[in-house]
Number of protein chains: 2
Amino acid sequence: MQIKKYTDYGLRTLIYLATLPKGRLATINEICAAYEIPRNHLNKVIHQLGKEGFIITRRGKNGGFQLAAEPAEIRLDHVIRRLEGDTPWVNCHSPVCVIEPACELKHILAAGKRVFYDYLASYTLHSLLHKRNELEQIFSTREF
Amino acid sequence: MQIKKYTDYGLRTLIYLATLPKGRLATINEICAAYEIPRNHLNKVIHQLGKEGFIITRRGKNGGFQLAAEPAEIRLDHVIRRLEGDTPWVNCHSPVCVIEPACELKHILAAGKRVFYDYLASYTLHSLLHKRNELEQIFSTREF
DNA sequence: TAAGTACATGCTTTAATAATGCATCTTAAT
DNA sequence: ATTAAGATGCATTATTAAAGCATGTACTTA
């Protein structure tokens, strides 16, 4: 039970973007450098963030990406659900569980999962910027 | 984000035990057979269930194990927390995340995790026995 | 319009961890 | 003593996430 690095990288990307002046594009290289994370993996994360509509990407020279909405409009439950994948937290098939039709567990865990995401729904990207000044300082001391 | 088979096997074991008449011991072999799951893995699960005090194990000939308490006294949050391991749902170290000191994410996810387990705390092993008759029937048609 | 730079895409490989297998030990009943 | 049960530790396999690599496509700018 732990979110994937993939999801983590996505959230970190959004945090980074939120600290930039509006309209300024960031690049994949810039974010790899800032967080010291591998470009190839981040590549895929950025691509999905774009597909899901959390960021707007632009190809070509002087391309890059920026937030598609205000930080306060980007809900954490949405981001994590999409990046993490929204599968059940218990797998009753493959291999099949013989008591599956009589078993309540999947329903309880599904409800628990809902409760978890409902809680996250009260937070947005903006909630992650509480120490925005510190974040900016960390990033500023890392860029070339 | 999915519970481990290990945890799943533990829950299934408890469900099986709860359908037995009080005082009757089950064996690892019996449960592997009932669920068609590998003995070696279950072995470790049973051992931990005993260590954690959810079941009482007895070695030696005619040994086995039984529930250590009434189903209604065995809380699902306790069982899952122990079997699943109670680590944070996001890993900010190894490798270290450069914004860790300024980042709110871990606190929000930790709170979400608490909300999840608080929800599970309203359920017990008894909650999993809603279709007890069906469960017993499934088991009875599987035993030798 | 050619060159360069950025994201997009698909495939392959590696790493991490869960799951399983195997051997042996310990305990208890008969 | 023998047998049957869980306990324990190490080795192996399977699964999946993570990372690497190669190349395609879009867009800017000289």
Side-chain angles (χ1 to χ4, degrees), chain A residues 1-13 17 24-33 35-68 80 83-85 87 89-91 93-95 97, chain B residues 1-10 12-13 17 24-33 35-68 80 83-85 87 89-91 93-95 97 144:
Chain A
M1 291 288 262
Q2 191 167 88
I3 65 168
K4 294 182 286 187
K5 284 191 185 179
Y6 182 90
T7 303
D8 186 21
Y9 291 170
L11 290 163
R12 291 202 225 173
T13 295
L17 292 176
R24 155 85 187 282
L25 298 188
T27 67
I28 294 179
N29 283 331
E30 186 178 340
I31 292 182
C32 305
Y35 287 114
E36 299 175 16
I37 58 182
R39 202 203 125 88
N40 290 298
H41 205 198
L42 186 60
N43 193 340
K44 286 140 191 154
V45 178
I46 300 292
H47 176 56
Q48 185 178 356
L49 285 174
K51 260 196 338 190
E52 305 284 359
F54 297 117
I55 62 177
I56 295 168
T57 63
R58 220 175 72 195
R59 289 177 160 198
K61 196 167 182 179
N62 300 325
F65 41 87
Q66 58 186 307
L67 292 178
I80 296 179
L83 295 185
E84 194 60 25
T87 54
W89 284 2
V90 66
N91 180 357
H93 317 284
S94 72
C97 174
Chain B
M1 290 288 261
Q2 191 167 88
I3 65 167
K4 294 182 285 189
K5 284 190 185 178
Y6 183 90
T7 303
D8 187 20
Y9 291 169
R12 290 201 225 174
T13 296
L17 293 176
R24 155 86 187 282
L25 298 189
T27 66
I28 295 179
N29 283 331
E30 185 178 341
I31 293 183
C32 305
Y35 287 115
E36 299 175 15
I37 58 182
R39 201 204 126 87
N40 290 297
H41 205 198
L42 186 61
N43 193 339
K44 283 140 192 155
V45 178
I46 300 292
H47 176 55
Q48 187 179 354
L49 284 175
K51 259 195 338 188
E52 305 285 359
F54 296 117
I55 63 177
I56 295 169
T57 63
R58 220 176 70 197
R59 289 179 161 197
K61 195 167 182 177
N62 300 327
F65 41 88
Q66 58 185 308
L67 291 178
I80 296 179
L83 295 185
E84 194 61 23
T87 54
W89 284 3
V90 65
N91 179 358
H93 317 285
S94 71
C97 175
F144 13 70

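In what follows, chains carry the letters A, B, and so on, assigned in the order in which the sequence lines appear, proteins first and then strands, with residues in each chain numbered from 1. Treat the numbers as computed from the prediction; the structure is a model and nothing was measured.
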Exercise for the section: Only counting residues at least two apart or in another chain, list the ones meeting side-chain contact (heavy atoms from CB on, under 4.5 Å) with B:Asn91. Expected result: A:Gln2, B:His93, B:Ser94
Handout entry: Distance-only donor-acceptor test, B:Lys44 side-chain atoms vs C:dG21 base atoms, 3.5 Å
Key = yes
Problem - Euclidean distance, atom OH of residue B:Tyr35 to atom P of C:dT20 [Å, nearest integer] - result: 16 Å
Problem - Value in whole Å for how far the P atom of C:dA23 lies from CG of B:Asn43 - result: 15 Å
Handout entry: Distance, rounded to the nearest Å, where A:Gln48 contributes CD and C:dA8 contributes P
Key = 12 Å
Exercise for the section: Measure the distance from CG on A:Asp8 to C1' on D:dA19 and round it to the nearest whole Å. Expected result: 16 Å
Return a table of donor-acceptor pairs under 3.5 angstrom between the side chains of residues 43-50 of chain B and protein atoms on other chains or two or more places apart.
from: B:Gln48; atom 1: OE1; to: B:Tyr6; atom 2: OH; distance (Å): 2.4
from: B:Gln48; atom 1: NE2; to: B:Glu52; atom 2: OE2; distance (Å): 3.0
from: B:Gln48; atom 1: NE2; to: B:Arg82; atom 2: O; distance (Å): 3.0

Exercise for the section: State which residues pass salt bridge (Lys or Arg N to Asp or Glu O under 4.0 Å) with A:Glu84; sequence neighbours excluded, sorted by chain then number. Expected result: none
Practice task
For DNA chain C, find the residues of residues 53-68 of chain B with a heavy-atom distance under 4.0 Å and give them by number; none if there aren't any.
Solution key: B:Arg59, B:Gly60, B:Lys61, B:Asn62
Could I get a table of every N or O pair under 3.5 Å where one atom is in the protein and the other is in nucleotides 14-17 of chain D?
none

Ignoring hydrogens and angles, write down the donor-acceptor pairs under 3.5 Å from the side chains of residues 53-65 of chain A, residues two or more places apart or on other chains.
from: A:Arg58; atom 1: NH2; to: A:Asn62; atom 2: O; distance (Å): 3.3

Problem - Nearest-Å distance for atom pair CG/C1', residues A:Asn29 and C:dA6 - result: 9 Å
Practice task
Can you measure from CG (B:Leu17) to CD (B:Gln66) and round to the nearest 0.5 angstrom?
Solution key: 8.5 Å
Handout entry: Integer-rounded Å distance: C:dA8 P and A:Asn40 CG
Key = 14 Å
Fill in the blank from the handout: In whole angstroms, the gap separating P of C:dC7 from CG of A:Leu49 amounts to 12 Å
Handout entry: Spacing between B:Ile46 atom CD1 and C:dA19 atom C1', to the nearest angstrom
Key = 16 Å
